[in-house]
Protein chains: 2
Amino acid sequence: MKSPDSRTQADIAFELLQTAIVKGEIPAGQKISEADLMQKFGYGRGPLREALHRLEGRGLIIRKAHSGAKVVSLSVEELIDLYEVREALEGMAARQAARRMHTDEIDDLKRLLESHARQIEEEQGIAYCQREGDFDFHFRIISGSKNQKLSQMLTGELYHLLRLYRYRLSTFSGRPEKAFREHWRIIEALEERDGELAELLMRRHISAARQSIEKRYREGQLKL
Amino acid sequence: MKSPDSRTQADIAFELLQTAIVKGEIPAGQKISEADLMQKFGYGRGPLREALHRLEGRGLIIRKAHSGAKVVSLSVEELIDLYEVREALEGMAARQAARRMHTDEIDDLKRLLESHARQIEEEQGIAYCQREGDFDFHFRIISGSKNQKLSQMLTGELYHLLRLYRYRLSTFSGRPEKAFREHWRIIEALEERDGELAELLMRRHISAARQSIEKRYREGQLKL
DNA sequence: GACTTCATTTTTGTTTACAATTTTCAAAAT
DNA sequence: ATTTTGAAAATTGTAAACAAAAATGAAGTC
């Protein structure tokens, strides 16, 4: 019995397109035509169309009949909206993680953060926030909530959208030590199994990021 | 210049299918084949397939290659997960609504609730929760948050899933007066522009509903 | 010179036919 | 009787041809 694979062309095309959009290889707001995709990926038009429809269902692209599809692009207001949603959901994730994460999972997370601390010292605090480390931290807590729907909504939808803007947002973030301290306090709350505190801290953490974006935008350092 | 419509067959089929699934006309867990749909709706297979792919992207159906598609069906655990997500999101919605709802919107909501109060008196408290009134109340507060992404996630995804189970969940809910009092207190918090309190009350309100479901399930009164 | 009009061209929507996979069911072997 | 095997049937995946709508651009008019 060999692995049935059963991943169809449309499946593969869907994943390729999704990662391409999420990683920014296809920039936000760009029009994408079926003909271009055919030439670029080599798949037939049918599978491509099916992949596009799934992306439409996920809200990553917007289509207009007979006109074409384009990658979504967020206004600042929409980005702020996204951060409010994230604050609510990740706060809840932290609360549940404090209840449901295994002790060894928390220990792992602790070790992860300690390695981040070393990186900060060595690299003079360069860009802690913009590294994958930040995503690792948040991702582990989200998984730790053991709430599949919550994980799905955060990692499957919001983060894909947020990643579109991650590069631009992180270039100026410039608060690595602060973020690190906030992460550390959240872990302490998890260790003490204090869900309420973990939620409060996580919400403050994300709220601070949002306010930083708002401030930079008002000052014209951030253009969308 | 007549309305260009530009709603394609696939668009119409998508909406028809979505409402059919959400309203329970196609029960949860049921297999749906493209041939059946062709015969039932009269559209070609292409448009149907595109609609199915969009539904897949929305998470309302699950497809397996060469095997078919079936409407999602939730386990109790998944239903509980959904309520936790709802608690987080609607809590945030209430907080923002306290800030952003116009005073006359709050007044309207108040009148709505008063008419519900009359209904409860007249009908001996029958099934306040299971009526559209409950949805109206929550929907207005969600809209009142003025957060488009939040509204979209709640009304566009979660509620469609929850509605699948609304009928079964409401049959035994039996806490109309309690729910009404909770609604009333939330409105009071909105009037006082106390976002923190509004969030707290909304979260308790939804948490109570979740606990009621958990209890009924443990007692075997609820089968999924 | 700017605007409108209309035909051309491009792009997407739809249908049809075909290929590939899974499922089903019956017959045969253990 | 249960399991296994194989071919037939049903269903989905893919490709190609066709239809329809929208974008483009040039010609004509004001």
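Naming: A, B, ... by sequence-line order, numbering from 1 per chain. Quick caveat, the model's predicted, so the values are computed rather than measured.
Projected onto DNA chain C by closest heavy-atom contact, B/Lys64 and B/Gln9 fall at different nucleotides, the more 5' of which corresponds to B/Gln9.
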Q) What string of B, S and - do you get for nucleotides 5-11 of chain C 5' to 3' if you count protein non-hydrogen atoms under 4.0 Å? A) -------
Q: Any chance you could lay out the side chain to side chain donor-acceptor pair (under 3.5 Å) test for A/Glu84 and B/Asn147, step after step, and finish with the verdict?
A: CA-CA 8 Å; A/Glu84 284 180 6; B/Asn147 181 324; 2.9 Å; yes
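Atom-to-atom, CE of B/Met38 to P of C/dT14 comes out at 14 Å; the value is rounded to the nearest Å. Atoms CD1 (A/Ile12) and P (D/dG13) sit 13 Å apart, rounded to a whole Å. At whole-Å resolution of the value, CZ in B/Arg45 and P in C/dC18 are 14 Å apart. Atom P of nucleotide C/dG13 and atom OH of B/Tyr43 are separated by 15 Å, given to the nearest angstrom. Distance B/Leu37 CG to D/dT11 P: 12 Å, rounded to the nearest Å. Atoms CZ (A/Arg7) and C1' (D/dT12) sit 18 Å apart, rounded to a whole Å.
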N/O to N/O distances under 3.5 Å, protein versus nucleotides 5-10 of chain D:
none

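Among the heavy atoms of the strands lying under 4.0 Å from A/Arg63 are primed sugar atoms or P, OP1, OP2 only; no base atom is included. Contact annotation for B/Gly44: backbone-only contact, meaning every heavy-atom pair under 4.0 Å involves sugar-phosphate atoms and none involves a base.
Ion pairing of A/Asp104 with A/Arg111 is absent here, as no side-chain N (NZ or NE/NH1/NH2) approaches a carboxylate O to less than 4.0 Å. One finds a salt bridge joining B/Glu87 and B/Arg210 here, because a Lys/Arg side-chain nitrogen approaches an Asp/Glu carboxylate oxygen to under 4.0 Å.
Side-chain N/O atoms of B/Lys31 include none lying less than 4.0 angstrom from OP1 or OP2 on C/dT22. Side-chain N/O atoms of A/Arg49 include one lying less than 4.0 angstrom from OP1 or OP2 on C/dG13.
Rounded to the nearest 0.5 angstrom, B/Lys110 NZ and B/Asp108 CG are separated by 12.0 Å.
A/Phe41 is listed as a side-chain neighbour of A/Leu17, based on a closest heavy-atom distance under 4.5 Å. Here the side chains of B/Ile187 and B/Leu109 are in contact, with some heavy-atom distance below 4.5 Å.
Closest contact between the side chain of A/Glu50 and the listed nucleotides C/dG13, C/dT23, D/dT14 involves D/dT14.
For residues 38-49 of chain A, every residue pair satisfying the salt bridge (charged side-chain N to carboxylate O under 4.0 Å, His left out) rule, not counting sequence neighbours, is listed here: A/Glu34-A/Arg45, A/Glu34-A/Arg49, A/Arg49-B/Glu50.
Remark: of the listed residues A/Arg95, A/His205, A/Arg203, A/His138, A/His138 is the sole one forming a side chain to side chain donor-acceptor pair (under 3.5 Å) with A/Glu90.
Under the 30°/60° scheme for interplanar angles, the aromatic rings of B/Phe137 and B/His183 are found to lie parallel.
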